[in-house]
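Since we're looking at a predicted model, the values are computed, not measured. Just so you know, these numbers use all the heavy atoms, side chains as well, and skip hydrogens, waters and symmetry mates. Letters A, B, ... are given to chains in the order of the sequence lines, protein chains preceding strands, and every chain is numbered from 1.
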Number of protein chains: 2
Amino acid sequence: MPTISDVARLAGLSRATVSRVINHHPYVSEEKKESVLKAMRDLGYIPNSAAQNLRKQKTNIIAVLVPRLTNPFFAYLVESLEEKAAENGLQILICNTKYDKQRELDFLRYLKSKQVDGVIMASIENRWDVIEGITLSGPIVLCNEYSPEAKVPSVRLNQYQGGYMGTSYLVKQGYTKIGYCWGGILSGLAHDRYHGYEKAMGEKGLPINRNWLFEKAFCIEDGRRIMNKIASMANKPEALFTGSDEVAAGVIAEAKKLGLRVPEDIAVIGFDDQSIAEVIEPGLTTIRQPIAEIGAKTMEVIINLLTDEQIPTKKIYELPLELIVRESS
Amino acid sequence: MPTISDVARLAGLSRATVSRVINHHPYVSEEKKESVLKAMRDLGYIPNSAAQNLRKQKTNIIAVLVPRLTNPFFAYLVESLEEKAAENGLQILICNTKYDKQRELDFLRYLKSKQVDGVIMASIENRWDVIEGITLSGPIVLCNEYSPEAKVPSVRLNQYQGGYMGTSYLVKQGYTKIGYCWGGILSGLAHDRYHGYEKAMGEKGLPINRNWLFEKAFCIEDGRRIMNKIASMANKPEALFTGSDEVAAGVIAEAKKLGLRVPEDIAVIGFDDQSIAEVIEPGLTTIRQPIAEIGAKTMEVIINLLTDEQIPTKKIYELPLELIVRESS
DNA sequence: CTGAAAGCGCTAACAC
DNA sequence: GTGTTAGCGCTTTCAG
C-alpha cells in the first residue's frame, strides 16, 4: 500500500505538494499538479483515512442512532439522511440501539473518541442528564425525538397534531368509543401524541376508558394480541388509534381471523403510511410522516452546527403530518 | 479533550503504561493499573480512535454493502451481521449501494483507504474483474450473492433449490400455467433460481411461456404492474412465482382490486417470508430465507480471514431454504 | 508557488 | 514491570 511519501518520491516533489493536490489547494502549478496526479494514478494511491482523521481532527462521519433498522420508518429515514449527507461530502454511521440504554451510551462515545464528528439521535433511551456531558465533544441533534430537558436542536413532527388529527377523524366518522395504543416508552413523542388524542376526545365530551389504552404496541404481533384482548372484553371500543401501521396491520389481520369486519366492527387508524398500509385489506387510514423532509432538515441543521462551530442550543423545528384516508375507518 | 499524556501525567506514570492498561496487557502491577484507571476516570479520558487506527493499522470495522436498506431482507440481514460482529468486538459500517455501480466502487475504496478491515458484499453490481484488484487490500466475502468468477468465499442460499421447491409446489397443487418474476439484474442468484424453476417445469413436461416471464420485479408497485399486465392477456398464467414477498403482495392487492380471487384465479408464491406475508389476505405461501443463519455464517467466515490473515480463496457455503405454505397457492 | 519540519495521539520494540 | 523512543501517514505552519 503506497503512502504519500511514495507518491512524492515518484513525482520528484515534496509530501507537502502532494498533500496540497489531494486537498484541492490552490497555488499548485498546473504542471506539478499533473505529475502528482499521474504518480497517484500509477501507484494506485489512496490516502489513509486514519492518518487524515488524526491530523485534521475530524472524520466527516456523522453517527445516526436508530432504535431498529428493521422498522421501515427508520430504514427510510436513514436513506434520506444518507442522501443529504452524501450531497455534502459526509458519511453516516448507522447505529442500531435496539432500544438499549447501554448501547446508546456506547454509540454516543464515538463522539468522544472522535470516531464521528456529530450525532443524530433518532432514538433516545437515556435521561438527558446522562447524555448532556457528551454534548461538549460535538454537536448532537435530535431527529423525530424529544426530550424536554435537552439543550440541543430537535427536528420533529407535530405529534400532538397527529394524535389530534387522527382521533378527530374517527370522531367525525361517528365513532365515540375510541381506544388508543402506544409503545409505552418514556419518550416525549408519545406524550404529545396522547395529548392530541385526549384533546380530540375532550372537545366532544367523549370519555377515555382506561381499559382501552393499550401499551407495548410496537409490531404486528402486538396488534394481534391487542385485538384478541379487545375481543374478550364485554365493553369493546369501536375504533382504535394504533399509533403504528404495523400494529394496525396486526389488529386488522387478527380481526378478520376472528370473523370481524373492519371498519364495521372495529375501525382502525395507523401511523406512518408504510407500504403495508395500502396493501392490507381494507386499505389502512393512516397518518403520513414526511420522512424525506425530516431527514433533510435534520442533516441541514447538523451541517450548520458543524461548519459554524457554534454551540448547539435548544431549538425546535416542527414539521406537519398528513392524514391519508383509506377504508379502515 | 484529554490525551494519553494527560492521563500519564496525572497518574505519574509513562504513556506506555497507560497504553498497556487501555489495551488490557498483562504485566502491569495491580497498583499502577488502579491509578491509571482512576486518572482515566477523573479526566473522562477516551482513547482517540483515529490515533489507534493509524498506529495499529486496523479499525475493527467491517463494511457491509447492501443494495437497499429499505428492503426488509437486508434490514434483517444487517441486524444479524451486526449482532455477530458486536459479539466479536467488531463494528459494521452499512453501505447502501442503491444498486449503483459507482457507489459500490466508492464503498470498496474504504478498504484501500483503511477505513475498514474487510468488506461483506450482500450486493454486487460490478463485474468481478473490476473488483478483483481491491482484494489485495483486505478480505472480501460475498453474502447471499454470487459471481462465478469471484475468487473469494461466498455464503449463500441454495437459490436453485428455492426456485425448484417453489415451482414444484405449484405443480403439485395442479397448476400447469406458471409464470415467473425476477429482478432483471445480472446476478448469479437470479440465474440459479430460474434454473430451479426451469427444472421443476421441465420435469413435468410443462412449457415455459416467454410472455409469462416478468422482469424488473422488485417492489409492491411492480407486482401491481405485473398483475395488470396479466389481466390484459388473452392467455393468462394460473400461478406466479414472484421471487419476492413484496412483488407477491402487489400482485395480490391488485388482483383483489380487479375482482379476482387468489388462489382460484391466480395463485401466488412469494420469497423471503417477510412479515407482510402473514398479514396479507390470503396468507402468502413463500420461501423462507434463513437470514440470521446466513448473517452469522458470513461474519464467522470474515472473522477467520481477518484473524488468520490467510489469503481468501473461493469457497462456497450454502444454506438451505424452507417452504412456508399458507393460502395464496 | 514549494519544501522543511513539527506533530496529531497512540502503540510497540527495546532497554533497563 | 516500567520507561524511552521511534514512528504510523498525513497536514500545516513557516520560510523562502
Between the main-chain N or O of B:T3 and the side-chain N or O of B:D6, is there a donor-acceptor pair closer than 3.5 Å? yes
Please determine whether a side-chain nitrogen or oxygen atom of A:S29 lies at a distance below 4.0 Å from atom OP1 or OP2 of C:dT2. yes
If you check every side-chain atom of A:P47, which of C:dT11, D:dC10, C:dG9 has the closest atom? D:dC10
Within the pair B:Q52 and C:dG9, is there a side-chain N or O less than 4.0 Å away from OP1 or OP2? no
With a 3.5 Å distance limit and no angle check, can you tell me whether B:S154 reaches the backbone of B:I316 through a side-chain donor-acceptor pair? no
To the nearest Å, give me how far apart CG (A:N53) and C1' (C:dG7) are. 16 Å
Around B:K314, counting heavy atoms of other residues, nucleotides and ligands shown, do more than 12 lie under 6.0 Å from its NZ? yes
I'd like to know if the side chain of B:N60 pairs up with that of B:Q91 as donor and acceptor (distance under 3.5 Å, no hydrogens or angles considered). no
Under a 3.5 Å distance rule, please check whether B:D117 uses its side chain to pair with a backbone N or O of B:I62 as donor and acceptor. no
Using atom NZ of A:K114 as one end and atom C1' of C:dC10 as the other, report the distance to the nearest whole Å. 16 Å
Considering only C:dC10, D:dC10, D:dG3, which nucleotide approaches the side chain of A:N48 most closely? D:dC10
Please determine if A:E132 and A:K151 form a salt bridge, counting it only when a charged side-chain N lies under 4.0 Å from a carboxylate O. yes
Look at B:Q57 and C:dT11 and indicate whether a side-chain polar atom (N or O) is within less than 4.0 Å of OP1 or OP2. no
Side chain of B:K32: nearest nucleotide among C:dG9, C:dT11, D:dT2? D:dT2
Modelled atom types, side-chain donor and acceptor of A:D106 and A:Q102, under 3.5 Å: yes
From the list D:dG3, C:dG3, C:dT2, which nucleotide is the closest neighbour of the side chain of A:S14? C:dG3
Under 4.0 Å between a side-chain N/O of B:Y45 and OP1 or OP2 of C:dC10, yes or no? yes
Interatomic spacing from CG in B:D100 to CD in B:E125 - rounded to 0.5 Å: 8.0 Å
Protein and nucleotides 12-15 of chain D: nitrogen or oxygen contacts under 3.5 angstrom:
{"unit_1": "D:dT12", "atom_1": "O4'", "unit_2": "A:R55", "atom_2": "NH2", "d": "3.1"}

Measure the spacing between OH of A:Y146 and CD1 of A:I124 and express it to the nearest 0.5 Å. 11.5 Å
Angle separating the five-pair end axes of the helix from C:dC1-D:dG16 to C:dC16-D:dG1, nearest 10°, is 30°
